[in-house]
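Let me begin by presenting the structure, written as structure tokens, before commenting on it.
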Amino acid sequence: MQNSQISSDSLPQHIAIIMDGNGRWAKEQGKPRVFGHKNGVTAVRKTINAAVRLNIKAVTLFAFSSENWQRPEEEVGLLMELFISVLSTEVKKLHKNNLRLRVIGDKTRFSSRLQKKIQDAEQLTANNTGMVINIAANYGGKWDILQATKQLAQKAVDGELTVDEISEEMMTQHLTMSDIPEVDLLIRTSGECRISNFMLWQLAYAEMYFTPIYWPEFNEDSLADAVSWFVNRERRFGCTGEQVKALMNNQ
Ligand code: FPP
């Protein structure tokens with residue numbers, strides 16, 4: 001197959017990633033867990049660059065689950081500081097590259113300083129027309145479905161709709177990412193093969209790609225391998241990671 005045969009139609013439009021293995025990677029280096037998270041930011045940068053080059057429409061990254069509050073207080077605090085520092089240093093670059101940043105999840109539990117950083121970043125990039133980057137933070141798939149259900153129940157109570165009128169489309173419209181296509185490709189690193197309460201509704205038809213690579217080691221080539229796996233699942237003939245990498249470099 002020639003490179004030119006991998007058309008943008010065969011590529012995933014929306015890629016979701018469960019970034020896992022920061023702690024185990026750091027432990028292998030004899031370093032504290034936060035060292036893994038810091039190197040995880042480098043992997044995020046590489047992944048976003050590669051996704052932009054492949055003309056992917058949306059990337060959703062699971063940065064902090066509703067369950068992650070149970071981690072030691074020190075690690076949670078350091079993760080929050082890391083989010084603030086990443087937002088401070090990266091957002092202007094994202095904006096310059098016409099990328100849109102959005103944080104999905106229950107933001108009310110974050111400090112007012114972090115909430116303000118998120119709001120500023122979302123506002124600055126709101127009208128950008130390039131790839132959408134969704135950061136899932138204090139996010140849970142069950143929470144998302146529950147908040148959509150509550151909105152619909154309230155509308156029924158207020159007489160704006162009847163129970164019979166509630167449809168799949170209506171549920172989809174009330175979820176946090178109603179404006180972008182459902183996930184085509186889910187990637188989870190570190191060898192774990194679970195969804196872990198990530199986007200439950202939006203993953204209904206996603207292809208699931210599990211790789212043993214720890215998140216801090218994930219890079220442009222790893223994304224190309226995942227995308228070529230996806231293209232082959234869809235089209236059932238042998239595109240290689242090399243061909244996706246060539247496409248990435250030709251954009
Ligand atoms: C999972 O590894 C990773 C996290 C819970 C945090 C992810 C955060 C980053 C990659 C850095 C910041 C990212 C953004 C988008 C600002 P783990 O700690 O569960 O690793 P383990 O399973 O080996 O313990």
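Side chains are part of it too, since the values below use all heavy atoms of this structure and drop only hydrogens, waters and symmetry mates. FYI, the numbering just counts along the sequence from 1. Just follow the structure's listing: the first ligand is 1, and inside any ligand the first atom is 1. No experiment lies behind these values; they were computed from the predicted model shown.
Atoms of ligand 1 lying under 4.0 Å from at least one heavy atom of N68, given by number and element, are 5 (C). Interface atoms of ligand 1 facing R24, defined by a heavy-atom separation under 4.0 Å, are 21 (P), 22 (O), 23 (O). Which parts of ligand 1 touch V41 is read off a 4.0 Å heavy-atom cut-off, strictly below it: atoms 11 (C), 12 (C). Those atoms of ligand 1 with a heavy atom of I135 less than 4.0 angstrom away are 15 (C).
Inter-residue side-chain proximity for K57 and M131 is flagged as unmet; no heavy-atom pair is nearer than 4.5 Å.
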Which is it for D120 and R113 under the salt bridge (Lys or Arg N to Asp or Glu O under 4.0 Å) test, yes or no, and what are the steps along the way?
CA-CA 11 Å; D120 290 349; R113 189 165 147 240; over 6 Å; no
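Residue-to-ligand polar distances place D20 within reach of ligand 1: an N/O pair is separated by less than 3.5 Å. Considering backbone and side-chain atoms alike, F62 places every N or O at 3.5 Å or more from each N or O of ligand 1. Of the polar atoms of R71, at least one N or O is found under 3.5 Å from an N or O of ligand 1, judged by distance alone.
Ranking the protein heavy atoms by distance from atom 1 (C) of ligand 1 puts M19 O, 3.0 Å first. Among all protein heavy atoms, the one lying closest to atom 20 (O) of ligand 1 is G23 N, 3.0 Å. At the top of the distance list for atom 10 (C) of ligand 1, counting protein heavy atoms only, stands N22 ND2, 3.6 Å. For atom 11 (C) of ligand 1, the nearest non-hydrogen atom of the protein is H37 O, 3.6 Å.
Between E192 and R24 there is a salt bridge, since at least one side-chain N of the basic residue sits less than 4.0 Å from a carboxylate O of the acidic one. With respect to the salt-bridge test (charged N to carboxylate O, under 4.0 angstrom), the residues E90 and R45 qualify. Here R102 does not pair with E122 in a salt bridge; the nearest charged N to carboxylate O distance is not below 4.0 Å.
In terms of modelled atom types and a separation under 3.5 Å, the side chain of N128 and the main chain of G130 share no donor-acceptor contact. At least one donor-acceptor pair under 3.5 Å links the side chain of K107 to the backbone N or O of V103. Within the 3.5 Å criterion, the main-chain N or O of H14 finds a donor-acceptor partner in the side chain of D184. Remark: the backbone N or O of Y214 is not paired with any side-chain donor or acceptor of S190 at under 3.5 angstrom.
Using modelled atom types, one finds no donor on one side chain facing an acceptor on the other under 3.5 Å when comparing D106 with S66.
Of the options S65, A137, A63, the smallest heavy-atom separation from atom 4 (C) of ligand 1 is shown by A63.
Neither the backbone nor the side chain of R45 comes within contact range of ligand 1; no heavy atom lies under 4.0 Å. At a heavy-atom distance under 4.0 Å, only side-chain atoms of F83, from C-beta outward, approach ligand 1.
Distances shorter than 4.0 angstrom occur between a heavy atom of R33 and an atom of ligand 1. Within the structure, ligand 1 lacks S190 among the residues with a heavy atom less than 4.0 angstrom away. Not a single heavy atom of F64 sits closer than 4.0 Å to an atom of ligand 1.
Atom CZ of R33 is separated from atom CH2 of W25 by 13.0 Å, given to the nearest 0.5 angstrom.
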